[in-house]
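Step one of this worksheet: look at the structure below.
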Amino acid sequence: MAEPYYVTTAISYPNGKPHIGHAYEAIAADVIARHRKAEGFDVRFQTGTDEHGLKMAQKARDLGITPAQLATEMSQHFIDMCAALNIEYDVFIRTTEARHHEATQELWRRMEANGDLYLDRYEGWYSVRDEAYYDESELVAGEGGAKLSPQGTPVEWTVEESWFFRLSKYQDKLLELYNSSDFIRPDTRRNEIQRFVEGGLRDLSVSRTSFDWGIKVPGSDNHVMYVWVDALTNYLTGLGFPDESGDYAKFWPADLHLIGKDIVRFHTVYWPAFLMSAGLPLPKQVYGHGFLLNRGQKESKSLGNVTDPIGLAETFGVDAVRYFLLREVAFGQDGSWSPEAIVTRANAELANSFGNLAQRSLSMIFKNLDGEIKVGFEESEADKALFAAVAEGIAGLRKSFTDLAFSDGLEAWMRAVFACNQYVDEQAPWTLRKTDPARMEVVLMTLFRVVRDLAIAVRPVVPNSIDKLLDQMGIATEARGYASLADADWFTALAARGFKVEKPEGVFPRLELPEGTEATA
RNA sequence: GGGCCCGUAGCUCAGUGGUUAGAGCUGGCCGCUCAUAACGGCUAGGUCGCGGGUUCAAAUCCUGCCGGGCCUACCA
């Protein structure tokens with residue numbers, strides 16, 4: 001039976017449309033899921049939207065609709081984005097679903113039963129405009145000595161009844177977790193969190209009475225839960241929790257929570273503490289990826305440089321965007337994108353190097369061999385060397401992808417592609433056609449085989465295009481996982497079936513920079 | 001202010017004490033013509049942010065500074 005693998009993205013707060021950061025995370029998670037499927041795992045991939053909280057309630061009020069209506073409308077944008085980017089999730093969770101309320105309330109009860117929740121008063125300097133409490137030390141002095149928030153907004157001393165979670169109790173256990181595993185990745189994030197926890201943890205206010213768009217606290221109907229208690233629990237809800245059989249039994253604990261670097265603390269301090277309190281197993285790893293910058297600048301509404309990811313996929317093609325993001329950006333670090341960078345990368349590697357390799361190979365088979373697949377000949381040293389180089393590149397890709405080092409993996413894959421183009425040049429099958437047709441057959445069949453292997457290897461990244469290519473090569477849909485790379489008989493079976501290559505069509509077209517794109521550095 | 005990081009060729013990045021600092025892209029030259037004006041070969045290009053220090057030896061360790069990012073208790 002296949003080993004389970006459970007990966008999640010963060011759930012998105014849908015108070016605006018999806019931006020490129022959401023797309024980046026979804027694509028990375030999708031590639032992880034597809035890679036693990038190709039490796040033979042039984043994969044579960046979950047994403048969704050986090051729909052509660054004051055901001056949603058306020059925005060709905062401003063628009064004159066209910067928060068539930070707003071949530072449904074906005075959530076749809078994220079579902080649409082996933083469709084446009086070819087994100088093959090198993091579950092799209094919405095925190096407004098009844099099952100999520102049940103799951104979250106059950107988690108709460110377990111934390112309460114463990115003695116970790118208590119009712120107290122939250123008091124502090126509150127800024128109505130910022131909707132945030134500030135510590136005395138953060139305040140700045142305004143005109144006439146008036147106290148102001150760091151943003152310069154008025155604050156007033158406010159007292160609110162609140163439930164608290166005994167986070168302080170878990171400090172040592174959390175530090176032990178960080179030190180005894182690779183729970184937090186990459187290392188820079190772990191360093192940051194470790195220092196934060198070493199600095200001491202305060203108990204956490206985990207309920208609010210100032211608004212009601214949220215999950216009700218069991219037994220305290222005037223309280224709704226702090227949004228992070230609500231949001232984090234989504235990872236359990238999607239597996240059927242509190243029913244601990246079925247998917248939950250199979251997939252929990254999660255193998256990987258993929259999140260942005262800005263919310264690492266919630267996932268690596270609060271979340272494991274909640275789970276420890278509730279007596280549930282902890283996820284195996286939290287990975288905080290970097291941010292995508294637009295020409296080196298963060299996208300924001302005030303700068304007016306916010307990019308619609310669906311439009312990006314329409315302009316350049318979904319696979320070019322997927323490939324670019326994983327190839328160009330060192331995963332874990334911040335990265336930068338621009339239309340020129342996407343076009344340059346996609347053309348150089350997908351169109352020119354690999355796409356053209358596939359096209360020239362299939363085209364020569366079609367023209368010179370009438371599309372026939374030939375078997376039964378001796379491999380030369382050059383052929384063997386090429387198979388070895390391709391196997392090495394593919395092994396490198398698989399290893400790096402398992403370690404989430406996508407750009408390294410694609411670089412290894414590209415080295416194999418280069419080796420193939422060198423091979424074509426050295427063997428010059430267009431010359432062999434006249435001088436040694438038998439040898440030409442061997443060369444073309446060697447190319448057919450390595451192109452198939454390279455295509456299967458990169459399929460998790462660019463699935464649509466690769467499927468079009470493998471369709472042209474007669475490779476069955478169910479024979480496109482990595483297990484098929486080890487199948488010694490596929491090629492003879494294909495020939496025995498009488499498969500013939502038709503006139504090939506390129507699957508990675510060259511891109512052009514759209515009109516009006518600024519060519520500024 | 002405090003914490004965690006980043007700064008290496010025009011661009012994206014490797015390289016954490018030891019020969020003349022590497023790869024790909026871009027640029028230049030040559031070759032090839034099967035192929036998506038694609039491919040192959042050669043080549044150019046760097047005071048490793050700046051200044052001190054430790055060491056026989058520093059991109060790498062220490063320190064100060066400059067520039068950038070994230071977190072600082074509800075934004076991917």
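Quick note on labels: first sequence line is chain A, next is B, and so on, each numbered from 1.
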Heavy-atom pair of closest approach, residues A:F183 and A:P283: CE1-O, 3.2 Å
Heavy-atom side-chain contact between A:T268 and A:V197 under 4.5 Å: no
Pair partner, B:G46 [Watson-Crick or wobble, under 3.5 Å]: none
Between P of B:U36 and CG of A:L362, the distance in whole Å: 11 Å
The single option from A:N86, A:D30, A:N464 passing side-chain hydrogen bond (donor to acceptor under 3.5 Å, both in side chains) against A:R322: A:D30
Length of the line joining A:Q422:CD and B:G24:P, which is rounded to integer Å: 10 Å
A:R202 side-chain proximity, nearest of B:A73, B:C25, B:A23: B:A73
B:G51 pairs with, by Watson-Crick or G-U criteria that keep both distances under 3.5 Å: B:U63
Complement of B:A38, any strand, by Watson-Crick or G-U distances under 3.5 angstrom: none
Minimum-distance nucleotide (side-chain atoms of A:Y226 versus B:A73, B:U12, B:A14): B:A73
Pairwise C1' distance for B:A9 and B:G27, with rounding to whole Å: 12 Å
Under 3.5 Å on both distances, the Watson-Crick or G-U partner of B:U19: none
Value in whole Å for how far the P atom of B:G24 lies from CG of A:N421: 14 Å
Nearest to side-chain heavy atoms of A:D334, which nucleotide of B:C70, B:G69, B:U36: B:G69
Toward the 5' end of RNA chain B, by each residue's nearest nucleotide, A:H19 or A:E328: A:E328
Separation of B:C39 C1' from A:N347 CG (nearest whole Å): 15 Å
Out of B:U72, B:U12, B:C13, whichever nucleotide has its closest atom nearest the side chain of A:R345: B:U12
Value in whole Å for how far the P atom of B:C25 lies from CD1 of A:I342: 19 Å
Pairing of A:R190 and A:D187 as salt bridge, 4.0 angstrom limit: yes
Donor-acceptor pair between A:T209 and A:E161 side chains, under 3.5 angstrom: no
Where protein sits on nucleotides 2-9 of chain B, one letter per nucleotide: B base, S sugar-phosphate only, - none, heavy atoms under 4.0 Å: -BSS----
Rounded C1' spacing from B:C48 to B:G17 in Å: 15 Å
First encountered from the 5' end of RNA chain B, between A:R510 and A:D203: A:R510
P atoms of B:U55 and B:U8, separation to the nearest Å: 29 Å
Touch class at under 4.0 angstrom, heavy-atom based, for A:L357 against every strand present: nothing
Closest nucleotide among B:U12, B:C39, B:C74 to the A:V227 side chain: B:C74
Distance-only side-chain donor-acceptor flag, A:D116 / A:S277, under 3.5 Å: yes
Polar side chain donor-acceptor pair, A:D383 to A:S380, under 3.5 angstrom: yes
Pair A:Q76, A:D80: side-chain N/O donor-acceptor within cut-off below 3.5 Å: yes
Value in whole Å for how far the C1' atom of B:C71 lies from CD1 of A:I193: 8 Å
Identity of whatever pairs with B:C11 - Watson-Crick or G-U, under 3.5 angstrom: B:G24
Sugar-phosphate only, base, or nothing, as touched by A:A10 at under 4.0 Å among non-hydrogen atoms: sugar-phosphate
Closest to the A:K261 side chain, choosing from B:C70, B:C39, B:A73: B:C70
Option passing side-chain hydrogen bond (donor to acceptor under 3.5 Å, both in side chains) with A:Y235 (candidates A:H257, A:Q46, A:H267): A:H267
Watson-Crick/G-U partner (both atom distances under 3.5 Å) of B:U33: none
Heavy-atom side-chain contact between A:Q427 and A:R439 under 4.5 Å: yes
Atom pairs, N/O to N/O, protein against nucleotides 29-35 of chain B, distance under 3.5 Å?
residue, atom, partner, partner atom, Å
B:C34, O2, A:R360, NE, 3.2
B:C34, N3, A:R360, NE, 3.4
B:C34, N3, A:R360, NH2, 2.5
B:C34, N4, A:R360, NH2, 3.0
B:A35, OP1, A:K367, NZ, 2.3
B:A35, O2', A:N356, OD1, 2.4
B:A35, N3, A:N356, ND2, 3.2
B:A35, N3, A:R360, NE, 3.3

Distance in angstrom units between A:R185 CZ and B:C70 P, rounded: 22 Å
Spacing of the P atoms in B:G46 and B:C11 (rounded, Å): 13 Å
Integer-rounded Å distance: B:U12 C1' and A:E340 CD: 14 Å
Counterpart residues, side-chain hydrogen bond (donor to acceptor under 3.5 Å, both in side chains), relative to A:T49 (two or more places apart): A:E51, A:S75
